[in-house]
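The model shown is predicted, which means the values in this text are computed figures rather than measured ones. Proteins get letters first, then strands, A, B, ... in listed order; numbering begins at 1 in each.
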Amino acid sequence: MERETRVRFAPSPTGYLHVGGARTALFNYLFARNTGGKFILRIEDTDLERSSEEAMRDILQGLRWLGLEWDEGPQVGGDRGPYFQTERIDLYTAYMNQLEREGLAYRCYCTTEELSAERERAAAEGREYKYNEKCRRLAPNEREQRSRAGTPSVLRFAMTPGTTIVDDMVRGRVSFDNALLDDFVIVKSDGMATYNFAVVVDDALMGITHVIRGEDHLSNTPRQILLYKALGFALPRFAHIPLIMGADRTRLSKRHGATAVTSYRDQGILPQAMINFLALLGWGYGDKQLFDMAELCELFSIERVNKNPAVFDTDKLEWMNGQYIRAMNIDDLYQVGFPYLLQAGLVSEEPDEGMIMKCKEALRLVQDRLRYLSEIPDLTVFFFERPDGYEPEAADKWFARSETAIRFEKMVSGLQSMALFNVEAVETLIRNSASMEGIKAGELIHPLRLALTGRKASPGIFETMELIGRDECVIRLQKAVEFIREHL
RNA sequence: GGCGCUGUCGUCUAGCGGUUAGGACAUCGCCCUUUCACGGCGAAGAUCGCGGGUUCGAAUCCCGCCAGCGUCACCA
């Protein structure tokens, strides 16, 4: 029996959850579910300067919204914690002492000023900068003296010659010459472990079997492998997934538009659409495009992850979101759509039964037209409010003749004398009046739509009229008559 | 610049020595239709980054080049 797979998503809470991070989290999650393993969330909050509580909340919320529930981590616990790096300092200390004791790492007393001066010199001479290993060659008594004097220091890893191979699940075997890696810092002068050191200790202690992360970490991997070996830890498998880029093929950033998961949520992207879209950025399964979470969990595999970076193109996301919106039943659509109606002030916080029915009916009528939930208010206002004007180009076209006003007046009396006011009856009335006038139905319908909705486009006019209601239709027609006469 | 990764329609991709290089989004056209959408049908769009090989045959294998990206911190 194979050991249970354990993967992790390890964000640093220095900003909101962005789509790239969400995609990394998703791949980890899918791998865990596919292999019956565990998905762990660990917070890399060692950068006290930039970490914030707010960013943490955004990340956790974002993951939850996407349905990427973690098995171990903040808020859920687990027996391989703590899950915040700032609470794991004692662990790092123990291992850094071990490395120093074994001579695999050494204290370096060089100051930041010395180092940056050295760096500048290297740059000026067009030379490759690499730490000069000055402190590695410190005489024992000198070392002893500085240590006793309490001179500030960092701990550096003592690089050994050779070649380090990263056997990557998506990229294959990638080799690095250790000579190009220098004696990197593993403990900062404030005693905190650096990223490369902390990540190794944490992944090893948490029993992480597969490290699935962005390709930007590939060049860090040889250092980490060397650390695993120095610490006597078993190596996990690595899988470096391609980066997500903007339309200009540079790494996706804010200037490419929205990158925050929450901003897509707020625009009314459904989490299942976001998941589906993200999954297809770097992974695919034949010609199939639409996958729900259960299918993704079942079908996902690292072998099908491709190597080339993908451009984040929201056209497909929008289409997908439309697909998911159309697949919803009305009650669910109401659940997710209500907040948008509320925010637009079209409904009150606690609508009565009748209003709920009206909302649902309105949603039913616009369901096929939606790509974002945030489009709901604009597409449905006129069901809730009398239009406060008419689209000018449409008005020029349909409200330019006096016959229209006369026809509207006839329509008003027609509506008032109807026994039953419903879709069928309204349609019959309108088609009959059109043929009695000797015009095509469309010639009546277009002005009618404009009068009732203020728009040149709307859901089917008969359904629209039924939902607006007879009395309100009459009022709006009368208003239109006034408008036409005033503007002739 | 060093090191590393990547390179098939505008975009996401299928392809793993023999295909008219397939699909999806987007685009365009037609149909449906009272409008806008949805839906259906169809079109256009890739000399597979470029150049050499290997082979009867290469997008697929090999080499070189070019381009893009990533990374080179006491940041993660």
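As the counterpart of C9(B), no nucleotide is assigned, since no Watson-Crick or G-U wobble pattern has both distances under 3.5 Å. Under the Watson-Crick or G-U wobble criterion, with both distances below 3.5 Å, C32(B) is left unpaired in every strand shown. A 3.5 Å limit on both hydrogen-bonding distances identifies G2(B) as the Watson-Crick or G-U partner of U71(B). The partner of G18(B), taking Watson-Crick or G-U wobble pairs whose two distances both stay under 3.5 Å, is C56(B). Judged by Watson-Crick or G-U wobble contacts below 3.5 Å, the nucleotide A26(B) has no partner. Pair assignment for G64(B): C50(B), on the basis of Watson-Crick or G-U wobble contacts that are both within less than 3.5 Å.
Residue-level contact check: Gly214(A) touches neither bases nor backbone, having no heavy atom under 4.0 Å from any strand. Residue Gln289(A) is in base contact, counting any heavy-atom pair closer than 4.0 Å across all strands shown. Across all strands shown, Arg50(A) has heavy atoms under 4.0 Å from base atoms, whether or not it also approaches the sugar-phosphate. At a threshold of 4.0 angstrom between heavy atoms, the contacts of Arg449(A) include nucleobase atoms, whether or not backbone atoms are also involved. Using a 4.0 Å heavy-atom distance criterion, Ala310(A) is classed as a sugar-phosphate-only contact. Heavy atoms of Arg42(A) sit nowhere under 4.0 angstrom from any nucleic acid atom. Across all strands, His240(A) comes closer than 4.0 Å to no nucleic acid atom at all (heavy-atom distances). Within 4.0 Å (heavy atoms only), Asn306(A) reaches sugar-phosphate atoms of the nucleic acid but no base atom. Nucleic acid contact class of Val311(A) (heavy atoms, under 4.0 Å, all strands): sugar-phosphate only. Residue Ser116(A) is classed as having no contact, given no heavy-atom separation below 4.0 Å to the nucleic acid. If you check every strand for non-hydrogen atoms under 4.0 Å, Phe184(A) touches nothing. Residue contacts shown for Glu391(A) are absent, as no nucleic acid heavy atom lies under 4.0 Å away. If you check every strand for non-hydrogen atoms under 4.0 Å, Thr14(A) touches nothing.
In terms of position along RNA chain B, the nucleotide closest to Asp368(A) lies nearer the 5' end than the nucleotide closest to the other residue of the pair Asp368(A) and Leu243(A). Nearest-nucleotide positions on RNA chain B for Lys288(A) and Leu281(A) put Leu281(A) closer to the 5' end.
Listed nucleotides A76(B), C25(B), C74(B) differ in distance to Arg156(A); the shortest reach to its side chain belongs to C74(B). The side chain of Lys316(A) lies closest to C25(B) when the candidates are U34(B), C25(B), C5(B). For His217(A), taking side-chain heavy atoms from C-beta onward, the closest of the listed nucleotides C74(B), A76(B), C5(B) is A76(B). For Arg249(A), taking side-chain heavy atoms from C-beta onward, the closest of the listed nucleotides G70(B), G2(B), C12(B) is C12(B). Distances from the side chain of Leu218(A) to the nucleotides G4(B), C12(B), C69(B) place G4(B) closest. The side chain of Ala457(A) sits closest to U35(B) out of U6(B), C25(B), U35(B). Distances from the side chain of Met245(A) to the nucleotides A76(B), C3(B), C69(B) place C69(B) closest. Taking the side chain of Arg431(A) as heavy atoms from C-beta on, and the options U34(B), A76(B), G10(B), the nearest nucleotide is U34(B). Taking only side-chain atoms of Arg371(A), from C-beta outward, the nucleotide of C3(B), G4(B), C25(B) with the closest atom is C25(B). Nearest nucleotide to the side chain of Asp315(A), out of A73(B), U6(B), C25(B): C25(B).
Between the side chains of His18(A) and Ser253(A), not a single donor N or O lies within less than 3.5 Å of an accepting N or O. Donor-acceptor pairing under 3.5 Å is recorded for the side chains of Arg449(A) and Ser458(A). Looking at Thr46(A) and Arg88(A), their side chains never bring a donor and an acceptor atom within 3.5 Å of each other. Under the 3.5 Å distance criterion, with hydrogens and angles disregarded, no donor-acceptor pair is assigned to the side chains of Arg50(A) and Thr14(A).
For Arg369(A) and C36(B), a side-chain-to-base donor-acceptor distance below 3.5 Å is present, hydrogens and geometry of angles not being considered. In this model, a side-chain donor or acceptor of Glu128(A) finds a partner on the base of G1(B) within 3.5 Å.
G10(B) sits 31 Å from G2(B) when the P atoms are compared, rounded to a whole Å. Going from the P atom of A67(B) to that of G45(B) covers 30 Å, rounded to whole Å. Atom name P, nucleotides C25(B) and C61(B): the rounded distance is 30 Å, in whole Å. To the nearest whole angstrom, the two P atoms, one in A46(B) and one in U55(B), are 32 Å apart. G70(B) and U8(B) are spaced 22 Å apart, taking the C1' atom of each and rounding to whole Å. Going from the P atom of C9(B) to that of U35(B) covers 38 Å, rounded to whole Å. A distance of about 24 Å separates the C1' atoms of A24(B) and C36(B), rounded to the whole Å. Separation of the P atoms belonging to G22(B) and A59(B) is 14 Å when rounded to the nearest angstrom.
In this structure, Phe197(A) has its ring center no closer than 6.0 Å to that of Tyr95(A). Between Phe277(A) and Phe312(A), the distance separating the two ring centers is shorter than 6.0 angstrom. Side-chain rings of Phe9(A) and Phe39(A) stay apart, their centers remaining 6.0 Å or farther from each other.
Within the structure, every side-chain polar atom (N or O) of Arg171(A) is placed at least 4.0 Å from both OP1 and OP2 of G4(B). Within the 4.0 Å cut-off from OP1 or OP2 of C69(B), not a single side-chain nitrogen or oxygen of Lys307(A) is found.
Every residue two or more places apart in sequence or in another chain that forms a side chain to side chain contact (heavy atoms under 4.5 Å, CB included) with Lys134(A) is listed here: Cys110(A), Glu114(A), Tyr131(A), Asn132(A), Arg137(A).
By the neighbour-count criterion of 12 heavy atoms within 6.0 Å, atom NZ of Lys288(A) is densely surrounded, having more than that number from other residues, nucleotides or ligands.
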